[in-house]
Amino acid sequence: MNIGIVCYASVGGSGIIATELGKVLASRGHRVHILSSDTPVRLNDYQPGLSFHRVETPSYPLFREPQYLLSLANKIVQVSRDERLDIVHAHYAIPHATAGYLARQILSSAPDGEVPRVITTLHGTDITLLGADPSYRETVAFCIQQSDGVTAVSESLKADTYRALGVECDIRVIPNFVDCTLNQRRDVGALRERLAPRGQAVLIHVSNFRPVKRPAAAVEVFAKVRRRMPAKLLMVGDGPDRPRAAEVARDLGVAVDVEFLGEQEQVVPLLSVADVFLLPSEQESFGLAALEAMACEVPVVASRVGGLPEVIEDGVTGYLPAVDDLDGMAAAALTLLTDTPRRRAMAAAARRTAVERYSDARIAPKYEAYYEEVLAARTALL
Ligand code: GMT
């Protein structure tokens, strides 16, 4: 198949999944075209069958806002014509579902033009935070509904979409995935020695430090753990809540044991150092960062929200206290850090879950089958 994938280039789960999907599909013989405003973070090496199309958005003194939706729709039209795309797969509804809809309308207005099918994958904040906002709601709902196919990354997000947007289309759940060959625990003794030189326990938080991720709460949980045992916290990522998280670390007197590492391209070595992953998010439709930790044998302590209970089995691959129960999260982390046999068993279960339920080899065929189904529905209409 010829597949166009539209995604964000910034650090974030939807762009990562879109790019990783492009790589897997190309390795399975499809021709994949990734469309974005910049090279996505995980699109680092040349791969046969995979190409990148930059969306340029010209500025003009009259505009106070960049006209990205227009330039993206235009680019989808061009790439669809040049590459004869069968599928345009929009990752994150805002504004990608709208750009896909516009492009399809433009293409179908041309006589004898080939019209690709538009599939939208909902990732989370495009529904729960932004899509439900009255400023966007009607347009987002309309464009999702107009897609030829819609997927959501968890049952929880599917339910949220029906509830928040009132759409009536069928939504297929295809969960996120992880490359379990690349994402596996490595021997990083020297790095661990450097980051935790006195044999301290190592906790880690990886996110884009937006308010919804609550990085400051991760520091609060850590401070409670630190009161009971020697430990270090690695804070990986960057974003608006980083200064607040650093301030909380100072206020709670644990700044010396909290390392802010900023955005990191190579997270696997850092996960390989860690004993526990902290994800105290306010909302999380899936929690890709948690899944990547699990693939690296790191049990997760996260809030019991959204799609996290679908990914993390409470008491088996991690712990899921209520979102405001920071004491519970600290107690769960302490259980893992002090009970080594239990931590090892949960680490192994976490890896097993990643391999058996969420490996790319297991999930990519689900997307292929869905593409085929959507294309077959078109053929039936002709
Ligand atoms: O909200 C973010 O932090 C980023 C966002 C994205 O699209 O990049 O993440 C959402 O999509 C990820 C990939 O499907 C999910 O793993 C995250 O759980 C989801 N974030 C939220 O629901 C808050």
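Since we're looking at a predicted model, the values are computed, not measured. Every number for a ligand or one of its atoms is a count from 1 in the order of the listing.
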By number and element, which atoms of ligand 1 are closer than 4.0 Å to a non-hydrogen atom of [X]?
X    : answer
G287 : 15 (C), 16 (O), 17 (C), 18 (O)
N176 : 13 (C), 14 (O), 16 (O)
G124 : 22 (O)
S285 : 15 (C), 17 (C), 18 (O), 19 (C), 21 (C), 22 (O)
L288 : 16 (O)
S14  : 6 (C), 7 (O), 8 (O), 13 (C)
Y92  : 7 (O)
N208 : 2 (C), 3 (O), 4 (C)

Ion pair E247/R244, N-O distance below 4.0 Å: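 Counted as a salt bridge, because a side-chain N and a carboxylate O are separated by less than 4.0 Å.
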Under 4.0 Å between a side-chain nitrogen and a carboxylate oxygen: does that hold for R362 and E356?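 Between E356 and R362 there is no salt bridge, as every charged N stays at least 4.0 Å from the carboxylate O atoms.
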Residue part near ligand 1, for [X], under 4.0 Å between non-hydrogen atoms:
X    : answer
I17  : neither
Q283 : backbone
Y8   : neither

Check the surroundings of atom NZ in K224: do more than 12 heavy atoms from other residues, nucleotides or ligands lie under 6.0 Å from it? yes
Contact summary for L320 and S303, nearest pair of heavy atoms: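 Here L320 and S303 meet closest at CD2-O, 3.9 Å.
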Is K213 in contact with ligand 1, taking contact as a heavy-atom separation below 4.0 Å? yes
Sub-3.5 Å donor-acceptor pair from the side chain of [X] to the main-chain atoms of [Y], do we have one?
X    : Y    : answer
Y162 : I171 : yes
E297 : M294 : no
D148 : V118 : yes

Could you verify whether a donor N or O on one side chain and an acceptor N or O on the other, from E368 and H30, lie under 3.5 Å apart?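 Side chains of E368 and H30: pair found under 3.5 Å.
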Shortest protein contact, [atom] (heavy atom only):
atom                    : value
atom 14 (O) of ligand 1 : H123 ND1, 2.6 Å
atom 20 (N) of ligand 1 : E284 OE2, 3.2 Å
atom 1 (O) of ligand 1  : T125 CG2, 3.3 Å

Taking the ring centre of each residue, are [X] and [Y] less than 6.0 Å apart?
X   : Y    : answer
H91 : H123 : yes
F52 : H33  : no
H89 : Y371 : yes

Do ligand 1 and F286 have nitrogen or oxygen atoms that lie under 3.5 Å from each other? yes
Geometric N/O contact G13 with ligand 1, under 3.5 angstrom: yes
